[in-house]
Amino acid sequence: MVQSTGPKKIKCAVFISGTGSNLKSLIQFSKKKNSLISIELIISDNPKAKGLNLGKIPKISKKVFNYQERKIAEKKIISEVKNKKIKLICLAGFMRILSKNFIKSFKGKILNIHPSLLPKYKGLNTHERAISNNEKYSGCTVHFVSSKLDSGKIILQKKVKISKRDTAKSLAKKILNQEHKLYPKAIRKVFSL
Ligand code: GRF
């Protein structure tokens, strides 16, 4: 029997290195009625990434790649992503820098979420830096990935107020809650739905 699969969904791969709370929100988004994405693949550079346990749905395949040699890892990832006909790559706490060659292979199809209001605070320890600079606001950004770190075209941002009592940890938590809403919204915007 041939089952109807409904309207065609955008095949998506999510790259993670750790907890995977953004992956979780993307999985929930993909399961919504009439959702526009289907998550086909989870890729991690870290075999211990907690997020790998989230994709316990038979349809989502999970692959861990050893990043000792980036060139080899990326070659394998490219063939995996192409095999699965992935049309969108969502970086979600993936702690590796993709090579120019990798980015070129999927031009305009790689998104990233970053925990600051870019262009401010690119790179790591964003919350510590925002607090020690007495910023009144921080937030999160979803952007296209370009060859320069955290510098591709911005898709959406969400501002979060920093209170006097905030620590890097409490601010991270507040921002992460917003990230979970922002990533699906940004995907919708990219595909203008
Ligand atoms: C998020 O803050 C994301 O913006 C940053 O790494 C963190 C990943 O969190 N790039 P999680 O693994 O999705 O919980």
Side-chain angles (χ1 to χ4, degrees), residues 12-31 37 39-57 60 62-65 67 70 77 88-99 102-103 106 109-133 135 137-162 166-190:
C12 177
V14 183
F15 288 25
I16 61 165
S17 297
T19 315
S21 67
N22 278 291
L23 165 65
K24 189 174 173 192
S25 94
L26 290 175
I27 292 176
Q28 281 162 357
F29 174 58
S30 75
K31 285 189 188 159
I37 62 164
I39 297 173
E40 305 283 325
L41 180 62
I42 299 167
I43 281 182
S44 179
D45 60 318
N46 172 14
K48 293 192 182 130
K50 264 198 191 163
L52 286 170
N53 300 319
L54 294 169
K56 281 190 175 146
I57 307 158
I60 308 182
K62 289 172 282 174
K63 300 268 155 132
V64 178
F65 292 96
Y67 249 76
R70 180 172 78 172
I77 296 175
L88 177 70
I89 293 175
C90 295
L91 307 183
F94 185 62
M95 301 304 284
R96 301 282 176 172
I97 293 174
L98 299 169
S99 70
F102 187 97
I103 294 166
F106 300 102
K109 291 180 182 164
I110 314 175
L111 311 185
N112 182 41
I113 188 152
H114 184 77
S116 78
L117 293 174
L118 290 173
K120 280 190 165 177
Y121 307 113
K122 295 172 183 175
L124 298 174
N125 306 319
T126 55
H127 311 306
E128 285 87 343
R129 288 187 283 147
I131 289 173
S132 68
N133 284 343
E135 297 281 3
Y137 293 93
S138 188
C140 44
T141 304
V142 177
H143 63 96
F144 285 105
V145 171
S146 70
S147 51
K148 261 179 130 189
L149 182 72
D150 300 328
S151 299
K153 193 173 172 237
I154 291 171
I155 301 161
L156 273 183
Q157 293 187 302
K158 176 72 185 177
K159 239 176 162 184
V160 171
K161 201 168 179 346
I162 303 179
D166 266 325
T167 59
K169 203 174 161 197
S170 67
L171 182 59
K173 201 172 162 199
K174 281 203 275 190
I175 292 179
L176 203 53
N177 281 333
Q178 294 304 323
E179 291 183 34
H180 301 154
K181 296 178 203 156
L182 193 70
Y183 219 156
K185 260 195 194 165
I187 293 173
R188 263 195 232 118
K189 188 176 172 196
V190 167

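Indexing begins at 1, ligand by ligand and atom by atom, following the structure's order.
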Is there a donor-acceptor pair under 3.5 Å between the side chain of K189 and the backbone N or O of I155? yes
Between K181 and S25 (side chain of the first, backbone of the second, donor and acceptor by atom type, cut-off under 3.5 Å), is there such a pair? no
Would N46 and S17 satisfy side chain to side chain donor-acceptor pair (under 3.5 Å), going step by step from the backbone distance to the final call? CA-CA 6 Å; N46 172 14; S17 297; over 6 Å; no
For atom 9 (O) of ligand 1, tell me which residue out of N22, V142, L182 has the closest non-hydrogen atom. N22
Which is closest to atom 12 (O) of ligand 1 by heavy-atom distance: G18, G20, C140? G20
Heavy atom of the protein closest to atom 2 (O) of ligand 1 (residue, atom name, distance): E179 OE2, 2.9 Å
among protein heavy atoms, the one nearest atom 7 (C) of ligand 1 is G93 CA, 4.2 Å
Could you tell me, atom by atom, which parts of ligand 1 come under 4.0 Å of a heavy atom of [X]?
X    : result
P115 : 2 (O), 4 (O), 5 (C)
T19  : 12 (O), 14 (O)
I113 : 3 (C), 4 (O), 10 (N)

With a 4.5 Å heavy-atom cut-off, do [X] and [Y] have their side chains touching?
X    : Y    : result
T141 : L182 : no
I89  : F102 : yes
E40  : I60  : no

Say whether S21, considering both its backbone and side-chain N or O atoms, lies within less than 3.5 Å of an N or O atom on ligand 1. yes
Under 4.0 Å, heavy atoms only, figure out whether ligand 1 is touched by the backbone of L176, its side chain, both or neither. side chain
Check against side chain to side chain donor-acceptor pair (under 3.5 Å), T126 and H114: CA-CA 9 Å; T126 55; H114 184 77; 5.3 Å; no
